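Read through the structure below, which is laid out as structure tokens, and then see the notes.
Note that the structure is a prediction, hence the values are computed from the model and not measured.
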Protein chains: 2
Amino acid sequence: MTQDKTPQEARPIMTVDAVIVTIADDTLKVLLHRRPREPFQGSWALPGGYIHVNEDSGTDAAMERILQEKAGVSDIYFEQLATYSGPDRDPRDWSVSVAHIALVQEDLLSLGDDPDVVLTDVDALPPLAFDHENILAEALARIRGKGAYSSLPTAFLPKTFTLAQLHRVYEITLGETIERVSFRRKIMEVGMVEETGQKSTVMSRRPAKLFRMKVGSQTYVRNFATAG
Amino acid sequence: MTQDKTPQEARPIMTVDAVIVTIADDTLKVLLHRRPREPFQGSWALPGGYIHVNEDSGTDAAMERILQEKAGVSDIYFEQLATYSGPDRDPRDWSVSVAHIALVQEDLLSLGDDPDVVLTDVDALPPLAFDHENILAEALARIRGKGAYSSLPTAFLPKTFTLAQLHRVYEITLGETIERVSFRRKIMEVGMVEETGQKSTVMSRRPAKLFRMKVGSQTYVRNFATAG
DNA sequence: GCAATAGTGTCTTTTAGACACTATCTG
DNA sequence: CAGATAGTGTCTAAAAGACACTATTGC
């Protein structure tokens with residue numbers, strides 16, 4: 001059996017990186033941290049870490065560890081973005097990183113008061129370590145692209161929300177305005193959400209109906225916005 | 001520097017797998033090979049292989065090696081599908097595989113006469129080794145999904161093609177009929193293709209204009225088919 | 001009643017589907 | 001000219017956008 005394994009010295013470094021995105025102050029933000037160690041000590045970078053082959057059941061488990069350690073969250077939505085590899089992306093060795101995108105409601109993040117862990121506007125990014133600028137650019141392209149025809153942006157919202165909140169979250173995700181009536185009509189007609197029977201509690205204006213995602217139903221929606 | 005590396009014994013096996021898809025006999029086919037060695041000796045599997053850290057510049061380079069070795073092709077379209085990992089998917093060790101989808105015109109494949117390398121109808125698959133049934137299912141879902149709003153299916157065609165060929169390739173990829181006039185209108189109006197000035201040479205009927213993909217232009221197209 | 005946001009009705013514009021028609025080739 | 005496929009014109013149906021209107025709340 002041993003002769004079936006690749007020689008140990010031929011195996012690359014194996015890590016997981018996380019693009020943790022949220023909406024704060026009406027804009028998309030990504031979580032960055034300043035690296036405490038070489039390589040790239042002092043540079044901003046995406047949170048990440050080694051796969052622990054003795055404890056992780058897969059890259060998903062490694063991601064959950066990182067989300068907990070770096071952002072203090074668990075049970076949030078994430079998906080694989082892509083895998084980045086090569087001899088030069090990490091100065092230590094030939095390396096492979098499985099990058100993920102996580103979308104989370106701002107309230108759930110527990111960042112503490114560490115000044116080296118920050119939420120940064122995605123349109124005002126500092127230089128990043130490794131190939132993280134590239135990973136982040138592809139992550140944003142995915143989020144914006146997928147937002148146009150899926151329920152992905154709902155991952156930024158709490159379990160219940162108003163149609164106005166849903167509308168705003170789609171606009172921020174896609175980076176463009178969406179006509180209000182068409183949006184509401186489309187959302188209702190694809191049956192993506194259902195009423196909770198409750199109302200939002202805001203002062204000084206008319207309360208709105210609260211909705212939740214309809215489980216096991218249509219997650220596919222077209223033409224929220226018209227791509228060129 | 002050495003203390004920065006993960007211990008060598010903590011690194012997983014790192015491989016690349018290829019879902020090589022083509023259209024033959026008017027149906028989608030995938031390239032499978034029978035494994036000559038353990039594990040899963042004698043089972044059908046997707047072609048794949050180890051990353052060679054001393055020669056590969058990345059997983060893409062490993063894919064190109066595999067495409068050449070197993071299918072006799074180079075310079076064809078491929079993209080990453082996803083990365084699969086865990087302690088149990090390969091009986092030899094904790095392993096990671098970066099799966100890719102390659103789309104190729106049938107004529108370009110050089111399979112030789114090895115009975116252990118075959119093109120199989122994607123709707124009549126045998127049991128597969130490792131987690132390859134799962135990988136293949138996700139690959140087909142990606143191809144069908146992405147075919148509905150992108151120019152992906154053109155990767156099955158030669159450099160120049162008629163609108164009738166383009167139409168047929170979209171129908172086969174999506175697994176549904178597409179109205180002919182709407183399809184032609186849509187294709188022309190998004191400016192995805194341009195005339196070559198040449199005509200197809202077929203006997204016994206009217207020749208059709210030949211088109212090619214317009215480079216650097218619109219690759220995004222909506223609503224070839226209406227998903228539920 | 002006023003400010004503010006929630007929610008609706010309806011006209012216009014755009015886009016997709018249906019389908020009949022004309023065009024151009026070979027034998 | 002018959003058979004076959006290429007390519008077009010045009011009506012209809014469905015969906016998106018524009019926008020004015022009504023509804024419900026706190027103050």
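Closest to the side chain of Arg184(B), from the set dA16(C), dA18(D), dG7(D), is dG7(D). Distance from the side chain of Arg205(B) is smallest to dT5(D) among dG17(D), dC19(D), dT5(D). Residue Val181(A) places its side chain closer to dC19(D) than to any other of dC19(D), dA18(C), dG7(C).
Here NZ of Lys29(A) is found 11.0 Å from CD1 of Ile23(A). Values are rounded to the nearest 0.5 Å. Of the inter-residue distances, the one linking Leu111(B) atom CG with His33(B) atom NE2 reads 13.0 Å to the nearest 0.5 angstrom.
We find that CE of Met188(A) is positioned 10 Å from P of dG7(C), with the value rounded to whole Å. In this structure, the CD atom of Gln165(A) is 11 Å from the P atom of dG7(C), given to the nearest Å. Protein atom NZ of Lys199(A) is 17 Å distant from nucleotide atom P of dT5(C), rounded to whole Å. The separation between Lys186(A) atom NZ and dG7(C) atom P is 20 Å, rounded to whole Å. Atom pair Leu166(B):CG and dA6(D):C1' shows a separation of 15 Å (rounding to whole Å applied). Atom C1' of nucleotide dT8(D) and atom CZ of Phe183(B) are separated by 17 Å, given to the nearest angstrom. Summarising the geometry, the separation between CG on Leu210(B) and C1' on dG7(D) is reported as 15 Å, rounded to the nearest angstrom. Between the CD atom of Glu179(A) and the C1' atom of dA20(D) there is a distance of 12 Å, given to the nearest Å.
For the pair Arg185(B) and Leu163(B), both in contact range of DNA chain D, the more 5′-proximal nearest nucleotide belongs to Leu163(B).
Within the structure, every side-chain polar atom (N or O) of Lys209(B) is placed at least 4.0 Å from both OP1 and OP2 of dA6(D).
Contact annotation: side chain of Arg206(A) to base of dA4(C), donor-acceptor pair absent below 3.5 Å. For Arg180(B) against dG7(D), a side-chain N or O and a base N or O form a donor-acceptor pair under 3.5 Å.
A donor-acceptor contact closer than 3.5 angstrom is absent between the side chains of Ser200(A) and Thr162(A). Using a 3.5 Å distance cut-off with no hydrogens or angles, the side chains of Arg89(A) and Ser95(A) do pair a donor with an acceptor.
The number of heavy atoms from other shown groups lying within 6.0 Å of NZ (Lys199(B)) is above 12.
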